[in-house]
Amino acid sequence: MRTAPALLLLASLGPSAALAADCEAPVTAKAFAQIVSAGDTAYANLDETGFRTARSQATAALPCLSEGLTSGQAAAYHRLEALGAFLDRDHAGAVASFKALRAAAPGYELPEAMAPPNHPLRTYFDIAVGAPEVPGRPLRKPSTGWVHLDGAGADELPTDRPAIYQRFTETGALTETLMVRPGLPVAALTPESTDRARPERRINVGLASAAGVAALASGGLYLAANSRSNSFWDPTTPTSELASLRQQTNTFGWMSAGFGAVALGTGTAAMLVGTW
């Protein structure tokens with residue numbers, strides 16, 4: 001299925017909104033959802049070019065929204081981002097986006113058709129589901145109107161996953177849409193600190209624990225891959241077992257690298273989140 005051209009979808013006008021400088025026209029929530037759906041279809045059809053095109057269009061359309069997103073629409077976008085991060089081998093990004101998906105849509109389960117058992121994508125989803133809760137930062141409330149995160153009211157800005165921030169006037173008009181990502185400065189969205197001294201460097205215990213678990217998993221998978229590799233090169237190993245051993249070696253090696261990347265990314269986030 002071909003993704004719809006960006007200009008056609010961006011022409012779906014809605015209520016007036018404060019647009020980003022590079023927006024040609026406002027984008028309705030329905031038009032945005034259509035772009036995301038096109039990405040889902042392209043991924044299911046193994047159309048990588050179509051998927052990347054839809055993801056790029058969705059990223060460009062997000063700040064141009066003229067309407068608030070629902071929680072379901074926000075969850076769908078986080079799923080698109082998780083799939084994109086997976087294709088880019090951004091393992092920590094895939095886990096973070098899956099956490100955002102589950103936060104916006106509690107109870108969501110990854111379809112087996114999208115990620116069969118033992119598929120690396122399912123591994124990242126399971127890591128996101130099992131990750132400990134991480135405290136957020138107080139969210140600054142506007143003097144008038146209200147804000148939504150991922151389509152719902154919120155008091156805290158998450159520090160371990162991305163979130164879609166939307167600000168509304170007292171009349172309900174949308175004035176701003178931002179994708180807020182962990183580890184990035186968000187001073188404009190959080191209350192000013194009364195302590196002007198240099199902050200003490202801290203480590204986020206929850207993220208550090210998750211990094212430790214991922215590191216242990218990476219080490220275990222590396223040992224498993226090494227064991228299969230040794231058996232593959234053992235002259236006494238029956239020829240009939242070589243194909244299976246090669247596949248297991250590659251699978252465990254790839255998963256070890258993935259968990260290692262998750263450990264690195266989560267460990268870095270533990271330092272960054274603890275410092276802000």
Side-chain angles (χ1 to χ4, degrees), residues 17-23 27 29 32-33 35-36 55-85 88 90-106 108 128 131-143 145-169 173-193 199 202 204 206-207 210 265-266 268-276:
L19 299 180
D22 55 350
C23 292
V27 181
F32 180 76
I35 301 174
V36 173
R55 186 189 182 197
S56 178
Q57 291 176 359
T59 300
L62 186 67
C64 303
L65 281 167
S66 60
E67 300 172 328
L69 295 177
T70 65
S71 295
Q73 290 167 336
Y77 180 70
H78 287 307
R79 183 180 58 226
L80 186 76
E81 283 291 283
L83 296 176
D88 291 340
D90 176 8
H91 311 296
V95 171
S97 290
F98 274 139
K99 291 191 71 172
L101 163 60
R102 287 273 297 191
Y108 173 88
E133 291 292 329
V134 177
R137 299 185 63 194
L139 183 63
R140 175 183 293 181
K141 299 298 179 67
S143 56
W146 66 88
V147 298
H148 275 179
L149 288 182
D150 290 334
D155 296 320
E156 289 188 336
L157 196 66
T159 55
D160 62 335
R161 64 179 187 271
I164 300 173
Y165 171 95
Q166 294 189 294
R167 183 161 57 93
F168 301 85
T169 67
L174 178 65
T175 62
E176 186 178 25
T177 300
L178 299 172
M179 173 60 93
V180 184
R181 300 186 183 278
L184 298 181
V186 289
L189 307 184
T190 56
E192 293 183 3
S193 172
R202 301 182 180 89
N204 186 284
L207 287 177
T266 310
T268 301
M271 298 292 293
L272 291 172
V273 170
T275 301
W276 288 110

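No experiment lies behind these values; they were computed from the predicted model shown.
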Undergrad: Would you please name every residue forming a salt bridge (Lys or Arg N to Asp or Glu O under 4.0 Å) with Arg79, sequence neighbours left out?
TA: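 So Arg79 forms a salt bridge (Lys or Arg N to Asp or Glu O under 4.0 Å) with Asp40.
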Undergrad: Measuring from Leu178:CG to Ile164:CD1, what's the distance to the nearest 0.5 Å?
TA: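 If I round to the nearest 0.5 Å, the distance is 10.5 Å.
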Undergrad: Tell me the closest heavy-atom pair linking Lys141 and Ala154, and the distance in Å.
TA: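 So the two residues come closest at CE-O, 3.3 Å.
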Undergrad: If I compare all heavy atoms of Thr159 with all of Pro135, which pair ends up nearest, and what's the gap?
TA: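 That closest heavy-atom pairing would be OG1-O, 2.9 Å.
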Undergrad: With Tyr77 as reference, evaluate Leu69, Thr59, Asp150, Leu101 under the side chain to side chain contact (heavy atoms under 4.5 Å, CB included) test and give the passing residue.
TA: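 Only one of Leu69, Thr59, Asp150, Leu101 forms a side chain to side chain contact (heavy atoms under 4.5 Å, CB included) with Tyr77, namely Thr59.
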Undergrad: Do Glu67 side-chain atoms and Ala29 backbone N/O form a donor-acceptor pair below 3.5 Å?
TA: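 Yes.
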Undergrad: side-chain contact (heavy atoms from CB on, under 4.5 Å) with Ala100: which residues, sequence neighbours excluded?
TA: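 Checked Ala100 against side-chain contact (heavy atoms from CB on, under 4.5 Å); matches are His78, Arg161, Pro162.
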Undergrad: How close do Val36 and Leu80 get, counting heavy atoms only, and between which atoms?
TA: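 That closest heavy-atom pairing would be O-CD1, 4.1 Å.
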Undergrad: Decide side-chain contact (heavy atoms from CB on, under 4.5 Å) for Tyr165 and Thr177; before the verdict, give the C-alpha distance in whole Å, the side-chain angles of both, and the deciding distance to 0.1 Å.
TA: CA-CA 6 Å; Tyr165 171 95; Thr177 300; over 6 Å; no
Undergrad: Do Leu83 and Ser97 have side chains that get closer than 4.5 Å, going by heavy atoms?
TA: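 Result no, sub-4.5 Å side-chain heavy-atom pair not found.
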Undergrad: How many angstroms lie between atom OG of Ser56 and atom CD1 of Ile35, to the nearest 0.5 angstrom?
TA: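 So the OG of Ser56 and the CD1 of Ile35 are separated by 10.0 Å.
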Undergrad: Would you name the heavy atoms of Phe168 and Gly68 that are closest together and state the gap between them?
TA: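 It is CZ-CA, 3.7 Å.
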Undergrad: Minimum heavy-atom separation for Ala60 and Pro63, please, with both atom names.
TA: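 Closest pair (atom of Ala60, atom of Pro63, distance): O-CD, 3.4 Å.
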Undergrad: Please report the shortest heavy-atom distance between Ala104 and Ala75, naming the atom on each side.
TA: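 Closest heavy-atom pair between Ala104 and Ala75: CB-CB, 3.9 Å.
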Undergrad: Under 4.5 Å between any side-chain heavy atoms of Gln166 and Leu65, yes or no?
TA: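 Yes, at least one pair of side-chain atoms sits under 4.5 Å.
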Undergrad: Are Asp155 and Arg137 within salt-bridge range, i.e. N to O under 4.0 Å?
TA: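 Not counted as a salt bridge, because no side-chain N and carboxylate O are separated by less than 4.0 Å.
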Undergrad: side-chain contact (heavy atoms from CB on, under 4.5 Å) with Thr169: which residues, sequence neighbours excluded?
TA: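 Thr171, Ala173, Thr175.
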Undergrad: At what distance, to the nearest 0.5 angstrom, does CG of Asp88 lie from CD of Glu81?
TA: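 With rounding to 0.5 Å, CG (Asp88) is 9.5 Å from CD (Glu81).
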Undergrad: In the structure I gave you, are the side-chain heavy atoms of Asp160 and Lys99 within less than 4.5 Å of one another anywhere?
TA: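 Contact flag for Asp160/Lys99 side chains = yes.
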Undergrad: Is a side-chain N or O of Ser66 found less than 3.5 angstrom from the main chain of Val27, in a donor-acceptor match?
TA: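 It does hold such a pair.
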